[in-house]
Structure formats: structure tokens, C-alpha cells
Amino acid sequence: MPSNFKYFPYEKLRYNQAELIRSAKEAIINKKHLIVRAPAGFGKTPCILAAALQAAEKLNLKIMWICRTHRESDRVIDEVKKISTKHTWISGLSIRARSEMCLLPIDSEIRREVEAFSIMCSELKKAGKCPYYNETKKKVKVYLPKVTSASEIIEICSKHSTCPYEMARRQLPKSTIIALNYLYALKPEIFNKLQLNGSSYILIIDEAHNLPEIATQILSEKITANSLRQTVAEAEKHGVELAINIGTQLLKFIEKETEEKIISKKQLTNIIKKSVQMELSDIANALLIKGLEIRRKLALKGKLPRSHIHHLGKFIALLQTSLKKPEHTIILRSGELELVCFDPRRLTRKLYKKFHSTISLSGTINADYGEIVGIKSSKYMELSFNYSSDQVLPIVATNVTSDYDMRSPTMYRKMAEYIIVTAEVVNSGIGVFTASYEVLNGLINAGVINIKKPMFIEREGLPSRMSEHQIRQFKEKAKRGGAIYLGVCGGRASEGEDFPGSEMDVVILAGIPFPEPTLTLKAKVEYYEKRFPRKARLYSYILPSLWKAAQAAGRVMRGPDDRGAIIYLDKRYLKYGNLMPTWMRPRKTIKEAAELKEELCLFFA
């Protein structure tokens, strides 16, 4: 292997990988932002590591790799292990949230609430009630491999009765490469606690298409009628008159409104201040302080440190900071009030400025991504395998759609016919990803449930462990005579899950996952019209929806030698196909199920 590729962990470079390594190294050395679209199985991770390590060695930098899931961060560490066998100066680790690394027998309900768990952890440490932290404070010598994953750190620390999270944090500044969740980099209050200098790091953003949505979720807050009732009850118990007054006023306001509407910030501010002569910032601070006090007391008793007073304080604090920020809008729906942020750039601009250079990776994003996240100057490149026409069959059925105005039992029956025909021809894995759970249920009622093949249905709200078990079962059945996975675009199986070999030879996209045409969507489009003239609809919902669809479609091809079919059950893919990755753009059209059967028989023959 030439010296330019000395950190590449495999013997041979595949199609276009050398180009990616060279471009990534150049971008890092020149302190630029690179945006990369390349399909799953391309080898993005080893290529970017090869480039980043060369640049890091030359410029005395380190690498921060942010991911959405544990599985993605563990994959990075696996590749680093391979590289470090030949280059022993390299060190690395992955770290998770403290709630997921804690060895204490703490209730799962508390672990699920990351912020609440953090409070409990802090209070137990202060009170000297955490034996694992106490042992770690003694600076007990615990050997961690130079390259290690979070799960390995947990296993090693459990044998030495030390805190895995604290041990991992100690190693962060010493490590060449660290892999962690988006929130560590996106949330300033979390990043600052790591005590790392962003300008000394190359930032790699994995599955970057997720970043805009996660950023806007962080910048949004919601209160409900039920949470306000609990706020008032909590305030009465603790004698917090301020919370009683504000909670009561807001509850009356929410309960009397039944239709979705936009509420002005001035109107909501007046409602909050109606019975108290205080500024919003002072109200928020008072509620936050009292709420934190309640949470700490609960934590010391081993109870869930949740405070509805504290949550109300967070909502009002966000309202106060958003008063002059047009990207925030207040939506009143039946039983809830949401302060929603439409623009990720409030967070993402800071993120991209914080680091020496950045590389954003995805199988779906396009050149518009840079503008959406607020990068002033970036380079975009799309790379792929040289798939031949007999490897990929992207085909559109032009007589069906998931358009909201055209959804009906008849439309779902037409879609179901295509799925039934596919199951008759294909005796391996078939993934059906719908536009929404409404469409999924429509297909079930239309008869797909009667297909004589093992079927695994992704139910809304299914816990992650059960979902993972379901996917494993599907894979086993897919390899032994065929199976169908019926899920949604944006769901657990449609992103970040590999289906190699015959595990998913066909992907069927039942509709485009466009959001429901609500008042919230209308307000978002109006905001984008002011910020991005002529691109409002494209940026506000078309591209994010197509990125979700493309992620699902990408499950079918996991490497340069794969073969598979993508069946688009929505005529609108003809209109928007040019926004999809090149290799999956529709090439053929059909109008009835019999045509699909013929095409599939020819393709898989």
C-alpha cells in the first residue's frame, strides 16, 4: 500500500476509495468542510480514518467522530483497532451517556431520562454514596487497552469496581480518536464538561442527514395539560406559589382551546406574567432553582429525580431567549403547547465553527446540506460503486401514491398487490418501508398480513431491545426461504442496519415520507420562505423526507457485488428522483402488479 494510504486497514482499495481519501486529507489540511455522499458498504469509515490519521499526524490534531447509535460508534472503534495493529501510536475509545455506563442497580425508568440520571449521579457522588466513583477517586490503576469500546470499558471496570464513565472521561484527552453521540458535540453545556479544545480536533459527522432534525429537537420544548396539572400538584406539595399561579393560568389557556393554532410570543408572555410582577428570565430562574432543589432531594432518596416545576422553568427560559428569534414558533394543539424551532443553524453553525475542520458523511445528503446547516463554504462530493444495470433495478409504479388527498382503502389495495406479487417471486428478504404508520396500517388492512411468508411488523413505540430481536429473527428467516419486514421510513430497520447477502434483496418504498400537512408545517414553510427564497419547500420538508426514503432504499445494496431491486410505490418519485443518490434513481416504470412480476422474474433469473 502506498504511503499516502498507509492507515487504510485493508490490502486493496476499491472503486473511488482513493479519491475519497485524497479529498478528505486535503480538506482537513486546508481547514475546510467536506460533505460526502456515498452508499452503505462503500467503506466510508476506513477511508476517512485513513485520511484523518494522516492529517492528524502531520498537524498534531486529534479526531472526534460523532454518531447517532452505539452500533455506529463501535464500528469506528473496530476499524481503529485494525489500523492500530500496525501503527501502535494510535489510541481510541468510544464513550456513552453516563446512564448507559453506570454499574449501579438503578431503575430502568431513571436510566431512560438522561438529564434526571445525571442529577442522581451527581448527588450520589457528592454524598459519597457511589462505591464505584469512590473507588475511582482513589486513582486505582485500571488497565484499559489503547483502543477500546464503551462496552469493553464497562466490562473491565466492573471487574475492578470502578466507574466506567469516569475512567472513559479520563482517557478522552489522551486518545487520538474518540467516538461519541451527537449530543456531546451539539450541546454546549455537555461539550464544555469534556474540557476539550475543539480547534484541536477534526470532526467527523456520521450519518449527517440526522443532524438538522436532532438540532431542532434540542432547540424545542413542549408542555402539556397533563404536565401542568402535575406541576400545580408538585407546587402545592412544596408551597411554590409562583408555579401554582403560572401553571394554573397556562392550564386554563390550553384546556379552553381545541383547534391547532399559532400563538404569538407576546400573548404567551402576557399569560405567564398575568398573576406575577416579574420578568420572564426571573420567573424561569426561580422555577429552575426550586425544581433543581426538588430533583436533588429525590435523587438522594433513590427516586426518579423528575420535577415538573423544573420542566416549566426550562420552557419559560427557552421562551425568553426566543422572543426575538423568528426561527421559534409557538403551536397550540389539543392539550399541548409547543415552542418549536424550525432552523437547526442556531446550533449547527456553532458546531461547524468550533472544530479545526469537518467531514459530514451520509448515503443520502446532497449539495444543499451545507446551506441547510449553515456552512458558509464547503466542498461536496458524491461517490458510489460502479453498479451495472443488472445489479440494481429501481422501478416506479405510476398508479399508486401516498399523497394525503388520495389515501383510501382502494389505494392501499393497489399498493398491497405489488407487495403480494413481490412475495410470490422473491424467496429471500423483502423490506417494505412505508411513508408512515398510517400507511403501514392501511397496507395491513388491505391484506398484506395474509401473505404466506414470515412477516415482522414494526409497531410504533416498540422498545429498542424488542426491535433488535425482531430484526435478528427477520434476518434468519430471510436466509431460509424468505421473509418480509414491514416498517416505516425513519424507523429502526431503515437506517444504520446492515442486511448483507440475501437478508434484503428487495426494498419496497410504499409512499414518500412527507410530513402531514399541518399548521406546523405551514409555519415552517413560511419561515423558510424568508430565509431561503425559492427553496422553502425543498429545504423545509422535501429534502429531509427524501433523505429518509433514500436511507430505507439503501438497505438493499451493502457492497459493490450486491444485487437488488428498489420498488417505488409512489408516482411522485419520478418528479423527485433527481434528488436521490444517482444509483437509486428510477429507471423503469410500471402500471400494474403483473408488470412488476415480469420485471422481477427477469431480474432475479
Does [X] reach the side chain of [Y], with side-chain heavy atoms less than 4.5 Å apart?
X	Y	value
I566	W583	yes
W65	L361	yes
S467	I471	yes
H310	I294	no
P344	L211	no
M101	R169	no

Would you please test R71 and R75 for side chain to side chain contact (heavy atoms under 4.5 Å, CB included) and show each step?
CA-CA 6 Å; R71 184 174 299 183; R75 281 179 191 157; 3.7 Å; yes
Look at [X] together with [Y] and state whether they make a salt bridge at an N to O cut-off of under 4.0 Å.
X	Y	value
E468	R492	yes
E293	K297	yes
R112	E109	no
D107	K303	no

What is the distance from atom [atom1] of [X] to atom [atom2] of [Y], rounded to the nearest 0.5 Å?
X	Y	atom1	atom2	value
E503	R558	CD	CZ	10.0 Å
L292	L287	CG	CG	12.5 Å
D562	Y387	CG	OH	6.5 Å
L300	K126	CG	NZ	9.0 Å
F117	S122	CZ	OG	9.5 Å
I110	M120	CD1	CE	4.0 Å

Looking at [X], I want to see if its [atom1] is surrounded by more than 12 non-hydrogen atoms of other residues, nucleotides or ligands under 6.0 Å.
X	atom1	result
N60	CG	no
K350	NZ	no
H87	NE2	yes
K32	NZ	no
E213	CD	no

For the side chain of [X] and the backbone of [Y], is there at least one donor-acceptor N/O pair under 3.5 Å apart?
X	Y	result
S220	C341	yes
R37	E382	no
S91	T176	yes
S322	K325	no
N181	R68	yes
D343	R345	yes

Is there a donor in the side chain of S540 and an acceptor in the side chain of Y527, or the other way round, less than 3.5 Å apart?
no
Looking only at side-chain N and O atoms, does K354 offer a donor or acceptor that is under 3.5 Å from a partner on Y201?
no
Candidate list I178, I204, I177, test side-chain contact (heavy atoms from CB on, under 4.5 Å), partner M64, passing option
I178
Establish, yes or no, whether a centroid distance under 6.0 Å links the rings of Y539 and Y528.
no
May I have the step-by-step check of side chain to side chain donor-acceptor pair (under 3.5 Å) for K82 and Y10, ending in yes or no?
CA-CA 9 Å; K82 293 171 188 172; Y10 301 98; 2.7 Å; yes
Does K524 make a cation-pi contact with Y541 (under 6.0 Å, within 45 degrees of the axis)?
no
Between Y369 and W547, what is the ring plane arrangement, given parallel below 30°, perpendicular above 60°, and tilted in between?
tilted
Please assess H328 against L318 for the test side chain to side chain contact (heavy atoms under 4.5 Å, CB included), listing each intermediate value before the final yes or no.
CA-CA 10 Å; H328 277 90; L318 182 59; 3.9 Å; yes
Side chain to side chain contact (heavy atoms under 4.5 Å, CB included) evaluation trace for R22 with F5
CA-CA 9 Å; R22 282 192 289 264; F5 309 115; 3.6 Å; yes
Note: S199 and N197 closest approach over all heavy atoms is OG-OD1, 2.8 Å
Which heavy atom of V556 sits nearest a heavy atom of G564, and at what distance?
CG2-CA, 3.8 Å
Run the numbers on K62 and L196 for side chain to side chain contact (heavy atoms under 4.5 Å, CB included), then give the verdict.
CA-CA 10 Å; K62 293 179 179 180; L196 301 175; over 6 Å; no
Carefully, step by step, assess E497 and R555 under the rule salt bridge (charged side-chain N to carboxylate O under 4.0 Å, His left out).
CA-CA 7 Å; E497 187 68 45; R555 299 311 95 193; over 6 Å; no
